[in-house]
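Here is the naming used below: chain letters follow the sequence lines, and residue numbers restart at 1 for every chain.
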Protein chains: 2
Amino acid sequence: MTAMPNPHHDPDLSTVWLRAFLQVARHGSFTVAARTLGWTQSAVSRQVAALEAALADGPLFDRLPRGVRLTEAGRVLVPYAETVVEAVHGAARRLQEVREVAGGRLRFGAFATADAALVPHALAAFRARHPRVRLSREEGFTPGLLDRLSAGHLDLAVVSTTGGAPLDAYELHHLLDESLYVAVSADHPLAGHEGPVRLGLLADADWISGSPRPEGTLLDTALRQGFRPRVAHVVGEWTAKQGYVAAGLGVTLVPALAAESVRPDVALLPVLDEGAPARAVYAAIARGRSPAPAAQAFVTALREAVTRIPACLNGPMA
Amino acid sequence: MTAMPNPHHDPDLSTVWLRAFLQVARHGSFTVAARTLGWTQSAVSRQVAALEAALADGPLFDRLPRGVRLTEAGRVLVPYAETVVEAVHGAARRLQEVREVAGGRLRFGAFATADAALVPHALAAFRARHPRVRLSREEGFTPGLLDRLSAGHLDLAVVSTTGGAPLDAYELHHLLDESLYVAVSADHPLAGHEGPVRLGLLADADWISGSPRPEGTLLDTALRQGFRPRVAHVVGEWTAKQGYVAAGLGVTLVPALAAESVRPDVALLPVLDEGAPARAVYAAIARGRSPAPAAQAFVTALREAVTRIPACLNGPMA
DNA sequence: GCCGCGCGATGCCACAAGCGAATGTCTAGC
DNA sequence: GCTAGACATTCGCTTGTGGCATCGCGCGGC
C-alpha cells in the first residue's frame, strides 16, 4: 500500500483560480484571459498553476506554441468550475436581493385588533413595494407573540403594552398610542354624551371583558382610574362582545384600532385619559438578533399605515 | 444614483471560508466548528468575517451569548455554499478517477488489419482493467488517423510505417515489426513451396492490391526488391481479396496481423525480407500534448496483446 | 537561414492576507 | 460578584499573491 498523496481532504482553492481557469479554457490563451480579467499574464499563469497543484495534480492545459488547449483533466474540470462560479454568483445575487428586500422571507405576528386595521394597510403597502418577499403571518396575544419572537420563530411582532410583559428584551419601534372607547348600547343613558367620559361614571355598570379579571387587559385603565369594574360576562370575540353590548347586557372597552368596525346599534364614547395613554402599540424585533432586512421595511410600512388610520393618537413617545 | 458598492463583480472567496461557514451553521458554534476543521477558533472567526465582508455585506450569523444562529442572509447562503463545496469535492474525485484511469474517455483509432487481431485483444484487457473509461473507436488509414490525432480528435492511433507519412511529430510506441505473407491460390505452382520466398519469383504474376499504384502500400516491399508489380485488380476489402486469390485471378500481400483469418483454399507463403522488416506498427500519441492517462494504459494493453499474437516479429527497434 | 515576434514560465520584490497564541469582552449561572 | 464559556481582537510571523522584468521556445517573415 502506498501512502495516499491526497488523503481525501477537499482541497481549498480560491474562486479566482476557477474564474481564471474558465477564461483560459474559453479563449485558449493565458494572455487573452488575463486581459479579460484585468490582470497580467503572469498572474493568470500562477493561478492556473495553483489550481493544477491543488486540485488536478497534473496539467489542465497543454501548452502549445500558440496558446493552450485543455487536457483530459481540464475537460473534466470545466463543468465543475462552472457550477462553482455560477453558485457563487447566484449566492451574491440572492444576498443582494435580501439586502434590498427583494427576496427572502418575513415571518410576523400581530394581535387581533391590530389585524383589523393597521396590519392590512401596512401589508398591502409592503407587498406592493417588495413583491418578492415571502410573507407568513400569525395571530396571537402579545405574550405569546413575544415568546415566539424570542424563540426565533418570528422576525417581527406587532404588540401592545397590555399584559405587562417585560419588553426590554426587544427592540421596540413605537407605532402609536391607542385611545380607548367605551361601547354602550345605543339606548344607554350615556349614548348621547358629548365629549370624553370619565370611566368612573360606569363604576357600577356590568362590564364585558375577555377575561374574568381586569388585570392585564384593557380594564387596567379602570383600575388606574380608581375603581374595580365588575365583570358580568366573559366574552373573547369582538363581534360577540358587540352583540352583548347592543343587547344592553353591559358595556365594554374598545381600542381605537377596532373602532371603525362597530355596529350601528352600539355607541362609542371616547374615554378621558387622565394618566398615561391607554396602551402603546409597538413593532417588536428580537434585540441583538440582526433583523431580517424585510423587518425594517415592514416597520416603515406600519408607520405609514398609522398615518392613514383615524381615531388614533400618534404619540410622541420615543 | 448612489455609487454601487459591489459593481456586479463576483466576489472572490476561498472555499475554506465556505467550509467554515457550513460547519458553523451545522454546529451553531464557532468553537465546535473550529475543532471539527482542525483550526483554532480565531481562524474560523476571521474566515466567517471574511465571507461576510466579501459576499454578504452583513452578518451571516447572530452572535448569541451561547453560540450563534444563522441570520436570514446566512440561511439563504447555505444551499449555495453546499453546492460549491460539493462541486469542488466532486471535481477532485473525478480528477482522481482520471488520474487512476478509472474514468474519463479514450478516443483511439486503428488501421483495419490491426483491428483484426491486435486491437481486440488489447481492448478486452483494457476494458477488464479500466471498466469506467468511456471508449470510442475509429477505423481508418494511417495518414487519416495521424491527421485526426494532430487535430485533437483522437488520443491515440495504431498506425504503421506504410505510407511514408512523417511520424516525427508524434510520440511513437513501437509495438511490433510485421512480417509479410504472399497469398496465392491453393493450386498455384508455389503453393507447396518450403520456406520464405523471394518476391522476385512473382515478378510476372497478376497482383491484387487496394490501390492501382504500389507506392505507399504493402507493395512498396516489391519496389524495394527491384521490380514493379503489375496490379491486375484493385480490391480494397480483405475478404474480397481472398476471393480473387482463391479463384486464381492473382496474388496479394498479406500482413501478418491478418494471417490468422485466411480461408483454407488460399496458401500463405512467408516473404523473405532482405532489407528492413516489411513494416513497423506503432501506437502514436500527439507529441507535446499531455496524454490522456488512459492512453498510456492502452499502450500497455497493446504491448501485452502483441505477445499473444503468433506469426509476428517482435522487433528490437527502439 | 537568420532574426524578430508572440506566448507562457519564472525570479524577484513589495504588500496583503491568513495563521496560531494570547488577551479582551460579554453573558449566563451559581 | 465570581467563574466559565463563547466570540472578537490584537500581535508577530509566515505564506501567498500580483506586478514587473526576464527567459525560453516555437513559428513565421524576410
Taking only Lys NZ, Arg NE, NH1 and NH2, and the carboxylate oxygens of Asp or Glu, determine whether B:Arg69 and B:Asp62 approach each other closer than 4.0 Å.
no
Any salt bridge linking A:Arg148 with A:Glu138? Criterion: basic side-chain nitrogen under 4.0 Å from a carboxylate oxygen.
yes
Over 60° means perpendicular and under 30° means parallel, so classify the ring planes of A:Phe61 and A:Phe30, tilted if in between.
perpendicular
Let me see the working for A:Glu72 and B:Arg107 under salt bridge (Lys or Arg N to Asp or Glu O under 4.0 Å), right down to the final yes or no.
CA-CA 11 Å; A:Glu72 172 73 12; B:Arg107 304 160 302 171; over 6 Å; no
Round to a whole Å and report the spacing from [atom1] of [X] to [atom2] of [N].
X       : N      : atom1 : atom2 : answer
A:Asp62 : C:dC7  : CG    : C1'   : 15 Å
B:Arg35 : C:dG20 : CZ    : C1'   : 16 Å
B:Leu13 : C:dG18 : CG    : P     : 11 Å

Do A:Phe111 and A:Val158 touch side chain to side chain, with heavy atoms closer than 4.5 Å?
yes
Looking only at side-chain N and O atoms, does B:Arg99 offer a donor or acceptor that is under 3.5 Å from a partner on B:Gln96?
yes
Reading nucleotides 7-21 of chain D from the 5' end, what letters show protein touch, with B for base, S for backbone sugar-phosphate only, - for no heavy atom under 4.0 Å?
BBB-------SBBB-
Those residues at least two apart in sequence (or on a different chain) that pass side chain to side chain contact (heavy atoms under 4.5 Å, CB included) with B:Ala301 are B:Ala122, B:Phe126
Represent DNA chain D in dot-bracket notation, 5' to 3'. Only Watson-Crick or G-U wobble pairs with both distances under 3.5 Å count; pseudoknot-style crossings use [ ] and interstrand partners use |.
||||||||||||||||||||||||||||||
Between B:Gln41 and B:Thr31, does the side chain to side chain donor-acceptor pair (under 3.5 Å) criterion hold? Intermediate values first, please.
CA-CA 5 Å; B:Gln41 171 264 323; B:Thr31 307; 5.5 Å; no
